[in-house]
**Q** 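This structure is in C-alpha cells; I'll ask about it shortly.
Numbering starts at 1 and runs along the sequence shown. Heavy atoms only: backbone and side chains are in, while hydrogens, waters and symmetry mates are out.
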Amino acid sequence: MKSIQIINGRQAAWLLGSLLTGGGLLSLQHELIRTSHMDAWFTYLFPALYVLVFGYVLVQLSMRFPNMHLFEIIFALFGRIIGTVVNLLLVVHLWVILMRDLLSSGKFIGTILLPQTPEEIIVLLFMILLMFYGRTSVEVIARVNDLFFPIFFLLVLLLPFMLSNELDLELLQPILTVPAIRLWYSNILGIGWFGDVFVIGAFMHTMWSIKQFRSSIRHGTLMAVLLLTIFQFLQVIVFGPNLPGNMIYPSYSLVQQIHITDFLDRVDLFILSIWFPVTACKVILIYLAFLTGVTSLLKKRDYTLLNSPLSLVLLMTTLLAFKNTTEVFSFGNYCSPVLVLAYQPVLLIALWLRMRRFPIRSTEKNRHGPDKDSTQQKSGQPQDKRDHPPGKHMQNRLAHIPLQSWVRIGNLLIYLCFGFVILGLSVSRDYSFAGMICATGYWICLIGMVLTSHMEMNYVSKYSAKEAPDS
C-alpha cells in the first residue's frame, strides 16, 4: 500500500455525498413519511447541521495535527489508554455499521434483482468485493466513485422531469402543518444515518489542503441533502403522504413509475445500475475506515495484512447478527440514532476542549508539497492574471468574489432554511398560503446552498496546488 495517499476536494465531496446518500435511500425514507407525512422532505436540516458541526471539528483537528487521521489524533489527545478505549468504541461502531449496511444491501438485491439467490451468497459476494478493495487505498475507491456519483446526481436532478406525468401538487397540501415534535423526531432519525460522517475522519490525512477539506465537507453534505430531499419530495407528490410509509423500498418504487413512451418503460434498471455502485462505494469506504481503525490500535497504517482475517470475521458476524429484514430495518432506523447520540456529542465536546491546548500549525498549507501562492509570489508573476484567465464577464465577476463571501452566503442560506421551516410551522395552520411561500423559499435556499458550496470548492481548488507530488 502507498505510504502517501492523496485525494482532492472534489473526490472527497463526492465520497461524502455517496456516504450520506447511499444508506438513507434504502430503508429510512418510509419511516420518515410515517412520522412526518407530507412534510417528510423537511427532515434533513438538523442532520445536515450535525454533519457540518462534526466537519468543523474535524477541520480544526486537521489544522493542529496535519498528516494524521482521526484515530491517531485521538491517541495524541487522550493518551494511549483512554485513546485505545475511544478508538475501540469507534471501531465497534464501524463494525456495527458494516453489518447493518451489508445486510440491508444484500436484502435489497435479494428482493429486487435476485429473489431466488440465498442471502448468504449475496453477502459473500459483497464481502469478496470488500476484500478486493481492502488491498487498495482510498484513492482507488475515490476514482471509482468519480465514475458513478456524478451520473447518479444528474439522474436524481432529472427525476422531476421524468416523473412529470405522475406529479400531483395537491398531495403536498397543507404544507408545514404537522406537529413540530413529529418533524423533530424525523430529524433525529436522520441523524442516525448522517452520524456515519465520522468515517471521513479516517481519511483526513489524505486531503491535499485544509481548505479543500473544509469546502468538500460542506459541498458533499449539501449535495446529499439535496438528493435525499428530492427523493422524499417526489415520493410524497407521486404516491401521497401515506402510501410510501407502507412500502419496503419507496425510492425504488418511485423510480419504477418512470414511463418515457412505450419504449422506455424500464428506466429503473438503468438507474439501478448507477445507484448500486454508489451504495457499494459507501460500504467500501466504511470498510477501509474500519481497517484503518483496527490497524491504528497496532500503531500501524498498512491494513492490507489484516484485510483477509477481518473480512472473514465480519462475514460471520454479519450473517449471525439479524434474523430477518424487520430486524435490520429496525436496527438501522431506530438504534442508529441511539448509538450516534449516545457518544458522538460527548466525543466532539471532548475533542474540542482537548485540541484547544495545541496551537494551529497551518490554515492554508498544502500538506504534501509547497504552497502555490508563495511560489507565484517568488516567481514575480501577477497572481490575478494567472489565476483568473479571461472568459465571460459573468464568470470573471464570480471568480473575483472572495472565498469568505461564498461561505457567508452559504451560512445565510442555511439560516434562512431554518427560518422558513420555523415560520411555516408557526403560521401555516392558520394561513395555508404561508406554507407554500415557506416551501418555495426553502427550495430556493436549498439549491442556493449547493451552488454556493460548489463555488466555494471551485475557488479553493483554483488556489490550491493542482497536482500532488510523486509518492
**Q** Would you mind telling me which of L285, L15, V138 makes a side chain to side chain contact (heavy atoms under 4.5 Å, CB included) with N145?
**A** L15
**Q** Can you tell me if CG on L52 sees more than 12 non-hydrogen neighbours from other groups inside 6.0 Å?
**A**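 Enclosed.
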**Q** Minimum heavy-atom separation for F71 and S296, please, with both atom names.
**A** CB-OG, 3.3 Å
**Q** Please determine whether ring pair (Phe, Tyr, Trp, His ring centres under 6.0 Å) holds for the pair Y287 and Y133, giving the CA-CA distance in whole Å, both sets of side-chain angles, and the decisive distance to 0.1 Å.
**A** CA-CA 9 Å; Y287 180 67; Y133 281 97; 10.0 Å; no
**Q** Nearest 0.5 Å please: distance from the CD1 atom of I109 over to the CD atom of E119.
**A**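 Atom-to-atom, I109:CD1 and E119:CD are 10.5 Å apart.
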**Q** Would you find more than 12 non-hydrogen atoms of other residues, nucleotides or ligands less than 6.0 Å from Y343 atom OH?
**A**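 Atom OH in Y343 is crowded, with more than 12 foreign heavy atoms closer than 6.0 Å.
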**Q** With a 4.5 Å heavy-atom cut-off, do L70 and L90 have their side chains touching?
**A**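 L70 vs L90: side chains touch.
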**Q** Is it the case that more than 12 heavy atoms not belonging to I82 sit under 6.0 Å from its CD1 atom?
**A**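 No.
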**Q** Determine whether the aromatic ring centres of residues H30 and Y249 are separated by less than 6.0 angstrom.
**A**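 No, the ring of Y249 stays outside the 6.0 Å limit from the ring of H30, centre to centre.
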**Q** Between F148 and W275, does a ring pair (Phe, Tyr, Trp, His ring centres under 6.0 Å) hold up when you go through it step by step?
**A** CA-CA 8 Å; F148 294 100; W275 183 356; over 10 Å; no
**Q** In terms of ring plane angle, is the pair Y56 and W352 parallel, tilted or perpendicular, where the classes change at 30° and 60°?
**A** tilted
**Q** Which heavy atom in A180 sits nearest to a heavy atom in L425, and how many Å separate them?
**A**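 Heavy atoms only, the tightest pair is CB-CD1, 4.1 Å.
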**Q** Under 30°, 30 to 60°, or over 60°: which ring-plane class applies to H219 and H454, parallel, tilted or perpendicular?
**A**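 Aromatic pair H219/H454 classed tilted.
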**Q** When you measure from the side chain of E31 to the backbone of L189, do you find a donor-acceptor pair of N or O atoms at a distance under 3.5 Å?
**A**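 No, E31 side chain to L189 backbone: no donor-acceptor pair under 3.5 Å.
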**Q** Which of parallel (below 30°), tilted (30 to 60°) and perpendicular (above 60°) describes W41 and Y442?
**A** perpendicular
**Q** What orientation do F322 and F331 show, parallel under 30°, tilted 30 to 60°, or perpendicular over 60°?
**A**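 Judged by the thresholds at 30° and 60°, the geometry between F322 and F331 is tilted.
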**Q** Would you say the side-chain atoms of N187 pair up with the backbone N or O of L183, donor to acceptor, closer than 3.5 Å?
**A**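 At least one qualifying donor-acceptor pair exists.
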**Q** Is the closest side-chain heavy-atom distance between M204 and I73 below 4.5 Å?
**A**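 The answer is yes; the side chains approach within 4.5 Å.
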**Q** Check for a donor-acceptor pair, side chain of R218 on one end and backbone N or O of S453 on the other, with a separation under 3.5 Å.
**A**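 Judged by distance alone, no pair lies under 3.5 Å.
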**Q** Any chance the side chains of E139 and T206 put a donor and an acceptor closer than 3.5 Å?
**A**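 Per modelled atom types, E139 and T206 side chains form no pair under 3.5 Å.
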**Q** Answer yes or no: is there a donor N or O on one side and an acceptor on the other, between the side chain of S336 and the main chain of N333, under 3.5 Å?
**A** no
**Q** Are the side chains of I217 and F213 in touch, meaning some heavy atoms are under 4.5 Å apart?
**A** yes
**Q** Any luck finding a side-chain donor-acceptor pair between Q29 and S251 under 3.5 Å?
**A** yes
**Q** Would you check if L129 and L125 make a side-chain contact, meaning some heavy-atom pair closer than 4.5 Å?
**A**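 No - every pair of side-chain heavy atoms lies 4.5 Å or more apart.
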**Q** Verify, without hydrogens or angle tests, whether S186 (side chain) and R182 (backbone) share a donor-acceptor contact under 3.5 angstrom.
**A**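 Looks like yes, one N/O pair under 3.5 Å.
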**Q** If you measure from CG on L305 to CG on L310, what distance do you get to the nearest 0.5 Å?
**A** 11.0 Å
**Q** Any donor and acceptor pair, going by atom type alone, linking the side chain of R64 with main-chain N or O of Q60 inside 3.5 Å?
**A** yes
**Q** So which atom in G83 and which in F78 form the shortest heavy-atom distance, rounded to 0.1 Å?
**A**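 That closest heavy-atom pairing would be N-CB, 3.9 Å.
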**Q** Going from CG on L351 to CZ on F54, what distance comes out if it is rounded to the nearest 0.5 angstrom?
**A**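 Output value for this atom pair is 7.5 Å.
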**Q** Can we say D146 and R10 salt-bridge, meaning some charged N sits less than 4.0 Å from an Asp/Glu carboxylate O?
**A**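 Counted as a salt bridge, because a side-chain N and a carboxylate O are separated by less than 4.0 Å.
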**Q** Could you check, using the six-membered ring where one of them is a Trp, whether W184 and F46 have ring centers closer than 6.0 angstrom?
**A**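 Centroid separation for W184 and F46: below 6.0 Å.
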**Q** Okay, side chain of R100, backbone of V328: is any donor-acceptor separation there less than 3.5 Å?
**A** no
**Q** Do S36 and L32 have side-chain heavy atoms sitting under 4.5 Å apart?
**A** no
**Q** Can you tell me if CZ on F418 sees more than 12 non-hydrogen neighbours from other groups inside 6.0 Å?
**A** yes
**Q** Determine, for R301 against E72, whether the closest basic-nitrogen to carboxylate-oxygen distance falls under 4.0 angstrom.
**A** yes
**Q** Any side-chain heavy-atom pair from L176 and C438 closer than 4.5 angstrom?
**A** yes
**Q** Using every non-hydrogen atom in the two residues, find where V340 and G192 come nearest and quote the distance to one decimal.
**A**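 Smallest interatomic distance, heavy atoms only, reads CG2-O, 3.7 Å.
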**Q** Between the main-chain N or O of V283 and the side-chain N or O of D101, is there a donor-acceptor pair closer than 3.5 Å?
**A** no
**Q** How far does CG of L61 sit from CZ of R354, to the nearest 0.5 angstrom?
**A** 12.0 Å
**Q** Might you confirm whether atom CD1 of I81 has over 12 heavy atoms from other residues, nucleotides or ligands at distances under 6.0 Å?
**A** no
**Q** Determine whether a donor-acceptor pair (N or O, by modelled atom type, separation under 3.5 Å) exists between the side chain of Q257 and the backbone of V238.
**A**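 Side chain of Q257 to backbone of V238: no pair is present.
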**Q** Roughly how far, to the nearest 0.5 Å, is CG of L58 from CD1 of I210?
**A**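 Rounded to the nearest 0.5 Å, the CD1-CG separation comes to 12.0 Å.
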**Q** To the closest 0.5 Å, what do you measure between CZ (F198) and CG (L348)?
**A** 11.5 Å
**Q** Is the number of heavy atoms from other residues, nucleotides or ligands under 6.0 Å of R80 CZ greater than 12?
**A**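 Yes, because the 6.0 Å sphere around CZ of R80 holds more than 12 heavy atoms from other groups.
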**Q** Without swapping roles, check the side chain of S311 against the backbone of S308 for a donor-acceptor pair under 3.5 Å.
**A**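 Yes; judged by distance alone, with no hydrogens or angles, the pair exists.
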